[in-house]
Amino acid sequence: MLHVVLVSPLIPGNTGSIARTCAASAVGLHLVGPLGYKVDDTKLKRAGLDYWPYVVVKIHDSWDHFFDYFMKQEGDKRLLAFTKRGTQIHSDFSYRPGDWLVFGSETKGLPQQALEDCCREGLGGGTLRIPMVETYVRCLNLSVSVGIALYEAARQLNYEQLQYQPELPEEAQGLFPAEDIYA
């Protein structure tokens, strides 16, 4: 129903925390390279705790590779860019099943091509922002932003994705085997 997309995330702890949120909310997680860490990073493993086997994670080499993958997916779908310069407030927006919530790196935000694709007629839902005081705070933590956005979308959709408890697909075996997490 919903997907979270992280474009060039830099901090493994953020990605691990986001993976836990995705496991708890039954949504897919897409990591778009280049990544600022190796996927076997200990901090990434630990932040995701023992939830990695329950997160459907797909890694894409670049935005172009991700966008090709996105275009091949069936059904109604939209790309929604979350940026501090978004034109709509995240809680005033009407989410739909099939929305892909797209977030940029902790230091640079989203690349221009991703922003353009998220605003593309028929594919994108535009740019959204989470309101905050900007006089002395540059941005919210990435994992906090994902949590705010994802749970607002889920709330509007009556948490429908939590109703489904399907068998996890083969690809959902996570990035790490359970016994590997605390090694």
Side-chain angles (χ1 to χ4, degrees), residues 1-11 13-15 17-22 24-36 56-162:
M1 292 195 54
L2 296 170
H3 295 265
V4 169
V5 181
L6 304 181
V7 181
S8 299
L10 300 174
I11 302 171
N14 282 339
T15 301
S17 293
I18 292 164
R20 287 171 61 182
T21 301
C22 288
S25 56
V27 302
L29 175 60
H30 298 264
L31 303 178
V32 180
L35 305 178
V56 178
V57 180
K58 180 118 179 86
I59 300 173
H60 308 271
D61 292 335
S62 66
W63 177 259
D64 288 339
H65 287 124
F66 164 76
F67 192 72
D68 288 343
Y69 174 85
F70 172 79
M71 292 300 294
K72 291 175 185 170
Q73 302 309 298
E74 295 183 13
D76 290 334
K77 58 188 182 280
R78 292 186 298 185
L79 292 171
L80 306 173
F82 284 80
T83 171
K84 79 187 242 181
R85 291 178 188 79
T87 59
Q88 298 177 70
I89 295 176
H90 79 289
S91 56
D92 293 342
F93 186 79
S94 293
Y95 297 90
R96 302 189 308 223
D99 282 345
W100 296 58
L101 314 180
V102 182
F103 299 84
S105 81
E106 292 88 342
T107 58
K108 295 181 182 176
L110 286 167
Q112 187 61 36
Q113 187 60 54
L115 287 168
E116 289 172 14
D117 289 339
C118 289
C119 292
R120 210 188 264 194
E121 185 72 33
L123 292 178
T127 58
L128 305 175
R129 66 184 163 84
I130 299 169
M132 62 176 219
V133 173
E134 293 186 39
T135 53
Y136 52 87
V137 176
R138 286 185 312 281
C139 62
L140 292 170
N141 176 277
L142 181 59
S143 63
V144 170
S145 295
V146 170
I148 290 169
L150 180 55
Y151 271 85
E152 174 60 22
R155 182 193 68 78
Q156 287 187 24
L157 299 173
N158 297 314
Y159 302 100
E160 288 178 35
Q161 80 278 8
L162 298 180

Exercise for the section: Grab the two heavy atoms, one from A26 and one from Q161, that are nearest each other, plus how far apart they are. Expected result: CB-O, 3.7 Å

Completion exercise
Residues pairing under ring pair (Phe, Tyr, Trp, His ring centres under 6.0 Å) where one sits in residues 101-133, two or more places apart or in two chains, turn out to be F82-F103

Fill in the blank from the handout: Here the gap from L128 atom CG to Q88 atom CD, rounded to the nearest 0.5 Å, amounts to 6.0 Å

Handout entry: Contacts of I11 that satisfy side-chain contact (heavy atoms from CB on, under 4.5 Å) - sequence neighbours left out
Key = N14, E106

Problem - Backbone N/O of H90 and side chain of Y95: donor-acceptor pair under 3.5 Å - result: yes

Problem - Between OG on residue S145 and CG on residue L150, distance to nearest 0.5 Å - result: 12.0 Å

Exercise for the section: Measure from the side-chain N and O atoms of Q156 to the backbone N and O of F93, and report whether any donor-acceptor pair falls under 3.5 Å. Expected result: yes

Exercise for the section: Apply side chain to side chain contact (heavy atoms under 4.5 Å, CB included) to the pair H60 and F70, showing each step before the final yes or no. Expected result: CA-CA 11 Å; H60 308 271; F70 172 79; over 6 Å; no

Practice task
Take the angle between the ring planes of W100 and H3 and call it parallel below 30°, perpendicular above 60°, tilted in between.
Solution key: parallel

Exercise for the section: Measure the shortest side-chain to side-chain distance between L140 and I148 over non-hydrogen atoms and say whether it is less than 4.5 angstrom. Expected result: yes

Practice task
With rounding to the nearest 0.5 Å, note down the distance linking CG in D99 to CG in L80.
Solution key: 4.5 Å

Practice task
Measure across L29 and C22 and return the closest heavy-atom pair with its distance rounded to 0.1 Å.
Solution key: CB-SG, 4.0 Å

Problem - Listed partners of T127 passing side chain to side chain donor-acceptor pair (under 3.5 Å), at least two apart - result: T87

Practice task
Show your working on side chain to side chain contact (heavy atoms under 4.5 Å, CB included) between M1 and L157 and close with a plain yes or no.
Solution key: CA-CA 9 Å; M1 292 195 54; L157 299 173; 4.2 Å; yes

Practice task
Can you measure from SG (C118) to CG (L101) and round to the nearest 0.5 angstrom?
Solution key: 10.0 Å

Problem - Non-hydrogen atoms of L110 and A114 that approach each other most closely - result: CD2-CB, 4.2 Å

Handout entry: Rounded distance [0.5 Å steps], CG in L142 versus OG1 in T15
Key = 7.0 Å

Exercise for the section: Give me the ring orientation class for F66 and W63: parallel if the planes are under 30° apart, tilted from 30 to 60°, perpendicular past 60°. Expected result: tilted

Practice task
Begin with the C-alpha distance, continue with both residues' side-chain angles, and end with the deciding distance and a verdict on side chain to side chain contact (heavy atoms under 4.5 Å, CB included) for I130 and V144.
Solution key: CA-CA 11 Å; I130 299 169; V144 170; over 6 Å; no

Handout entry: Pairing residues for Q113 by the side chain to side chain donor-acceptor pair (under 3.5 Å) criterion, not counting sequence neighbours
Key = D117

Practice task
May I ask you to check whether Y69 and H30 place their ring centers less than 6.0 Å from one another?
Solution key: yes

Handout entry: Residues, nucleotides or ligands: over 12 heavy atoms within 6.0 Å of D92 CG
Key = yes

Problem - Modelled atom types, side-chain donor and acceptor of D64 and S62, under 3.5 Å - result: no

Exercise for the section: Not counting sequence neighbours, which residues clear side chain to side chain donor-acceptor pair (under 3.5 Å) with E74? List them please. Expected result: none

Completion exercise
side chain to side chain donor-acceptor pair (under 3.5 Å) filter on S91, not counting sequence neighbours, yields none

Handout entry: Residue pair M71, L123: steps toward the side chain to side chain contact (heavy atoms under 4.5 Å, CB included) verdict
Key = CA-CA 9 Å; M71 292 300 294; L123 292 178; 3.5 Å; yes

Fill in the blank from the handout: The reported gap from CG in L79 to CG in L115 (rounded to nearest 0.5 angstrom) is 11.0 Å

Practice task
Using atom types as modelled and distance alone, determine if a side-chain donor or acceptor of S143 lies under 3.5 Å from a backbone N or O of I18.
Solution key: no

